[in-house]
There are 2 protein chains.
Amino acid sequence: MSKRPKKSPKQPLVEQSGPTFPAGLNQIPLLQILSAQDRQKVLGEMTETRYGKGQYIFREGDPTEYFHIVKEGSVKCVKSSLDGKECTLKVLMPGDLFCCDASAFDGASHPGTAQPMGDVSVLRMKKEAYFKMLRGNPDAAMEVIRYLGNRLNEAQEKAKVLALDRADQRLASLLVNLAERSGVQEPNGIRVSVRLTRQDMANMVGVTTETAIRIMARFKKERLVSGTAARLVVRDLPKLRLLAST
Amino acid sequence: MSKRPKKSPKQPLVEQSGPTFPAGLNQIPLLQILSAQDRQKVLGEMTETRYGKGQYIFREGDPTEYFHIVKEGSVKCVKSSLDGKECTLKVLMPGDLFCCDASAFDGASHPGTAQPMGDVSVLRMKKEAYFKMLRGNPDAAMEVIRYLGNRLNEAQEKAKVLALDRADQRLASLLVNLAERSGVQEPNGIRVSVRLTRQDMANMVGVTTETAIRIMARFKKERLVSGTAARLVVRDLPKLRLLAST
DNA sequence: CTCAAAACATGACAATAGTCATGTTTTATT
DNA sequence: AATAAAACATGACTATTGTCATGTTTTGAG
């Protein structure tokens, strides 16, 4: 819920074009479903692009031309209101698809902004090629349906939390999700592998930065979490889970 | 956000089994996409069921066995928190699909409750038959992808509104949506064709019933709306739209 | 290493929305 | 038409969260 509009990006996008063959393409369910030859074909049609801090993958209102897959790093999906407040709807991780949906049809424009969180690498493909691929691969189409259904459930669960829970409960839910979905076990707890400032967390649960700071300070005092931003550790998952659903 | 748990339903479901041929099957994009013979086949595999007030189509936690289409009337998708508060995530209208998604896979259970709003008629189909149909009909699969994508965008827009807007703005958004999506032009405004009490509206925007009543009273005084429940009329759509995004 | 920017922190106060209590009106049902 | 149940309404008070101001600490770029 930050009010200060973000500075616009300075550098042009660093682009590494051409067919992408090797590397960490495991982790991507959609590609693994394809037969070896279909996968080669699809990879030949995809371009890998890297983005860094301060850049945008695309912005709210831009025309929709590509289907995307996160290959490395995290990408946040953000929407803004007219008065400059913004909220983060989803953090995409490697293997996540975006613009695999309706916005990609109908010649519409992007309903939100996609922003890298640190350095990321994204695969993308012209939407026409993507649709053709889906039509020719029932397995791929079913995988996309499964994926979108999961995203829809997730989004609805998020709406429920926003509608019914207090700020501290929403933050607790967020921490539980992060620990479960991107947590790394450590001696003193579960470290969240994505760099998240209090402001980021605030934007994810619909509160002001000050409120997020105050609640996190309380959580820290109660030994539920420790650390900030790059070194955020969940120390008591059960208690947080309890708080989230009380 | 009602706290009083709803009374459980008394009557068993009224069921009208067997193949469903005629009637208002226009309005259903997914069926219209199919070839005449595929459509006949699918209709032969679908069962029409009617539900009335106080009944449930399915409840949160029930096992997922069927794919559903709303044929007549409106269905609300509801989630509850442990302490009995509930929120309405979506009102489904004729042509809307539900359980077309991931929850239907994985042998999972329903993430929310589906409740008729007044009398409704629903078509349903065993999920195995549904999946088989999708695999054999790329056009149908693409339509479901398109549909799910739209639902996801809608859910994310809803999350944004819940995260960033005040109660009166959220209610204004709701009224704008209702007027646009189920509105009937009338001499003094746009009547909302779904019966909606203040409590229903409260559950849709994540406020208490009292707050919804107070805000609606204010809107009435300002001539933005008139009427209650069965006769809710939006009198000044532009002003509401403005308020929603201010 | 330096220094500016970003992130974190905290207090005082204001605005918003929830809670509880109570009463009236409307709506269905017999 | 009678009557019980829902829905609508309103006041008084409380809890939660936002706003604004100000200061400290941490981080990252040069």
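Small disclaimer: the values here were computed from a predicted structure and weren't measured. Chain A is the first sequence line, chain B the second, and so forth, proteins listed ahead of strands; every chain is numbered from 1.
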Length of the line joining M117(A):CE and dA7(C):C1', which is rounded to integer Å
15 Å
Could you verify whether a donor N or O on one side chain and an acceptor N or O on the other, from D96(A) and Y147(A), lie under 3.5 Å apart?
yes
Nearest whole Å is fine: how far is dA7(D) C1' from K53(B) NZ?
11 Å
If you check the I213(B) side chain, which of dC8(C), dC20(D), dA9(D) turns out closest?
dA9(D)
Look at T211(A) and dG18(D) and indicate whether a side-chain polar atom (N or O) is within less than 4.0 Å of OP1 or OP2.
yes
Between E210(A) (CD) and dA7(C) (P), how many Å, whole number?
13 Å
Figure out the CG/P separation between L164(B) and dA17(C), and round it to whole Å.
13 Å
I'd like to know whether CZ of R218(A) has more than 12 heavy-atom contacts from other residues, nucleotides or ligands below 6.0 angstrom.
yes
Can you tell me how far P of dT17(D) sits from CZ of R170(B), to the nearest Å?
12 Å
Salt bridge between R50(B) and E72(B), side-chain N to carboxylate O under 4.0 Å?
yes
Strand-adjacent residues in residues 218-231 of chain A, judged by heavy atoms under 4.0 Å from DNA chain D
none
If the condition is salt bridge (charged side-chain N to carboxylate O under 4.0 Å, His left out), which residues does R214(A) pass it with, not counting sequence neighbours?
none
Please report, rounded to the nearest Å, how far the P atom of dA17(C) is from the NZ atom of K85(B).
15 Å
Roughly, in whole Å, what's the span from CZ in R166(A) to C1' in dT19(C)?
14 Å
Considering just the side-chain nitrogens and oxygens of R198(B), establish if one lies under 4.0 Å of OP1 or OP2 belonging to dA9(D).
yes
Just checking R195(B): base, sugar-phosphate only, or nothing, at a heavy-atom cut-off of under 4.0 Å?
sugar-phosphate
Gap between atoms CG and P, on N203(A) and dG18(D) respectively (whole Å):
12 Å
Report yes if a side-chain nitrogen or oxygen of R214(A) is closer than 4.0 Å to either non-bridging phosphate oxygen (OP1 or OP2) of dA12(C); otherwise report no.
no
Between E157(A) and K79(B), does any NZ, NE, NH1 or NH2 come within less than 4.0 Å of an OD or OE carboxylate oxygen?
yes
Pair E86(B) + K160(A): basic N to acidic O under 4.0 Å
no
Look at R235(A) together with E186(A) and state whether they make a salt bridge at an N to O cut-off of under 4.0 Å.
no
